[in-house]
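See below for the structure under consideration.
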Amino acid sequence: MESGMVSVDGWTAGSQVYFLTHLHADHLSGLTSKWSRGPLYCSRITARLFPIKFPGFDLSLLHIVEIGQWHSVSLLSPSSGSSTTVSFMAIDAQHCPGAVMYLFRGEFGCTLYTGDFRWESTSERAQTGRTMLLKALKDVQLDLLYLDNTYCNPTYCFPSREVAARQVLSIISSHPNHDVVIAVDTLGKENLLLYISRVLKTKIWVWPERLQTMHLLGFHDIFTTKTSVTRIRAVPRYSFNIETLEGLNTMRPTIGIMPSGLPWVPKAFRGMEKLSLESPPLLLHNRWHTGVTTSSTSSKTNGGSLISGRHDHYIYTVPYSDHSCFPELQKFVEFVKPINIKGIVSSSACNVDPLYHFGGICRIQQASELLCQRLRIKRSEKVGVIDMKSSFGCTSTMQLGRKKRKRQISRAAIHVSRVRLLRRERQGVKIVDTDPD
DNA sequence: GCGATCAGCT
DNA sequence: CACAGCTGATCGC
C-alpha cells in the first residue's frame, strides 16, 4: 500500500511514514540496515526481533505501535499541502510473532490493512481481535480493506492450527522410534513447536539463529541446538526435501513433516487441480478432512504415475497454516463489511481476487451506504469520510515480464563461496550440511 | 572487491 | 499455483 503519506510493507521513496506488519522477507523487500527514508512503525515484538534482520539499523527511527491503542501522527496532505492527522491502531494478525494488521483513519477515510493474517474464529486471540475491531469500527464505515488473499479461493479450506497441531502430534506418536524433522521458516509456527514440546515433554532442536529468535521471543529451555538430546528437529524449509530425507534415512529412520496451507500435491495431480478451481478436487478436500496423509514431491517423471512409492514413507503434509483459509476470509469480510477490497498478494492467477469472491458483500455494503448518503444529504448533513478515501491511493508494485538473462561463467568460484559464507554468517546455515567447503 | 539486487527455483 | 526464502549471477560503486 502506497500513498503520498503512508506506506505499509512498501519501502520505496515518497511516503512520510512507513509501517511494517511483520518480519517475513517478502514484506521487507527494499528495506535495509541503512534505512533513512523516515519513521518506521511496527509492533513491540517486531521491534525486538528487528536487529536480527537489520543489524546496525538506526533504532531511533523505529516507533512501536501498541496493540489495541489509537496512535496518531501529523502529516502533510499531498492534495492540499496542509497538515492533516492520521490515526492508526495495530491489531494482532495471528500470523507470526509480532505480526499485526493496521487500521488507519484520516482524511482519506478508514482503511484496514491486514498484512498476512489468520482469522480463526474459535481461538481466544481472535476473540480479542474481534472485540478491538468491533470497538474501533463501531461508528465508522470501513472504506477499504487490504486483504491477505493468499488463500482467497474456495479451494483452500483447512482446519484450525489447533486441529492441525494435533495431527502433527499423532504422526509423531505413531512413529515412536523415528527421528522427526519439521520444516519451518525463520519466523512462525512457534506455537506448533511449543505444543509438541509440551505434550511430548521433549526439547526441540533448532538451528543456532532460530534459537536466538526463540530466546528473544522469551522461549527458554524448550529449544536446543544439541542434536543428541532430542529426536525432533525443526529445520529450515529450504533444506527440507526428498533428497535430504532420504539421506537422513541412510543414518536413522526419519520422517519429515511439512506444515503448510499449500497442498503439497504430487505433480501428477496438479493438472487436475488447475482444471477445477471452482469446484475443488475431492481428493484434496478428503486428504485434509480425513486427517493426515503422506505425500510425495516432484517425481521427476512428469505427469506419469501417481504417487511414486518410497517417498510416501518419509514426508507428511499437514495443513498447518499461518494464513486464513477461504471460509475464514469470508467470515472476516462479512465482519468488517468493507466498501472496497484489494488483495495484498499480487498474483498472476485471477482466482484469488477478493472482489471476485467477496464483491457481493461489498456491493450490498455500497448499496446500503449509498442509501445512507442519500438520507444524510436529504437531512442536509455533511457527507462522511468515505468521500475522501481516494487520496489514500495504491500503486501496484507487481512486476511483469521476467527478463531472461544469459548465464555466463565470468567470476571465480571463490567469490561465490565467500558470498555464501557471508550469507550463512548473517542468516543461518543449511541443516543437513555435510560440506564444510 | 564489496554490497545490492535480480532471476530462478522449490 | 508458490506459503517464504535460498542461491547464484550480475551490476554499480
Side-chain angles (χ1 to χ4, degrees), chain A residues 9 11-12 21-35 53-56 95-96 99 115-118 148-153 155-156 158 161 164 183-189 192 207 209-210 235-244 258-267 269-277 280-281 284 297-298 300 315 317-325 344-352 399-433:
Chain A
D9 293 348
W11 311 104
T12 50
T21 59
H22 67 290
L23 278 173
H24 279 158
D26 55 335
H27 294 252
L28 301 171
S29 171
L31 185 57
T32 68
S33 291
K34 291 167 185 161
W35 175 258
K53 291 268 181 184
F54 302 105
H95 176 65
C96 67
D116 291 352
F117 84 122
R118 178 101 202 230
D148 174 10
N149 57 324
T150 305
Y151 295 127
C152 189
N153 184 290
T155 314
Y156 298 118
F158 37 75
R161 285 173 288 195
V184 296
D185 289 312
T186 53
L187 197 60
K189 306 202 163 77
L192 171 64
W207 62 103
E209 291 73 17
R210 198 60 158 98
V235 304
R237 201 176 51 188
Y238 66 84
S239 75
F240 182 96
N241 55 45
I242 290 292
E243 284 70 33
T244 48
M258 171 67 93
S260 170
L262 261 187
W264 233 43
V265 194
K267 268 189 180 163
F269 292 144
R270 292 186 187 186
M272 292 167 57
E273 208 186 342
K274 240 184 185 170
L275 285 172
S276 52
L277 280 170
L284 266 180
T297 49
S298 52
K300 272 152 195 166
I315 293 190
T317 301
V318 180
Y320 189 102
S321 170
D322 284 329
H323 294 268
S324 300
C325 63
I344 64 169
V345 181
S346 63
S347 170
S348 55
C350 57
N351 60 314
V352 292
Q399 303 207 331
L400 298 168
R402 283 185 175 178
K403 275 175 269 177
K404 278 194 180 176
R405 246 187 263 177
K406 204 163 57 174
R407 291 195 178 199
Q408 290 174 354
I409 306 159
S410 57
R411 300 282 171 120
I414 198 159
H415 169 73
V416 173
S417 179
R418 190 187 54 81
V419 169
R420 191 170 67 196
L421 281 171
L422 279 168
R423 277 183 185 153
R424 281 186 190 182
E425 213 171 284
R426 277 203 309 270
Q427 297 165 355
V429 294
K430 243 182 193 169
I431 287 327
V432 206
D433 222 354

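Per chain, numbering begins at 1; letters A, B, ... match sequence-line order.
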Q: Would you state whether a donor and an acceptor, one from the side chain of A/Ser321 and one from the base of C/dC3, lie under 3.5 Å apart?
A: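 Side chain to base: no pair present.
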Q.
Once hydrogens and angles are ignored, does a donor-acceptor distance under 3.5 Å link the base of C/dC6 to the side chain of A/Arg237?
A. no
Taking the side chain of [X] as its heavy atoms from C-beta onward, which of [options] lies nearest to it?
X	options	answer
A/Asp26	B/dT5, C/dA4, C/dC1	C/dA4
A/Tyr151	B/dT5, C/dG5, C/dC3	C/dC3
A/Thr186	C/dA4, C/dG5, C/dC3	C/dG5
A/Val345	C/dC3, C/dG5, B/dT5	C/dC3

Q | Side-chain touch A/Lys53/A/Leu31, heavy atoms, less than 4.5 angstrom | A | no
Reckon [X] has a side-chain N or O less than 4.0 Å from the OP1 or OP2 of [N]?
X	N	value
A/Lys34	B/dA4	yes
A/His323	C/dA4	yes
A/His95	C/dA4	yes

Q. With a 4.0 Å cut-off, would you call A/Asp322 and A/Arg161 a salt bridge?
A. yes
**Q.** Partner residues of A/His24 under the ring-ring contact (aromatic ring centres under 6.0 Å, His included) criterion, sequence neighbours left out
**A.**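 ring-ring contact (aromatic ring centres under 6.0 Å, His included) list for A/His24, sorted by chain: A/His22, A/His95.
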Q | Listed partners of A/Phe117 passing ring-ring contact (aromatic ring centres under 6.0 Å, His included), at least two apart | A |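 A/Phe332.
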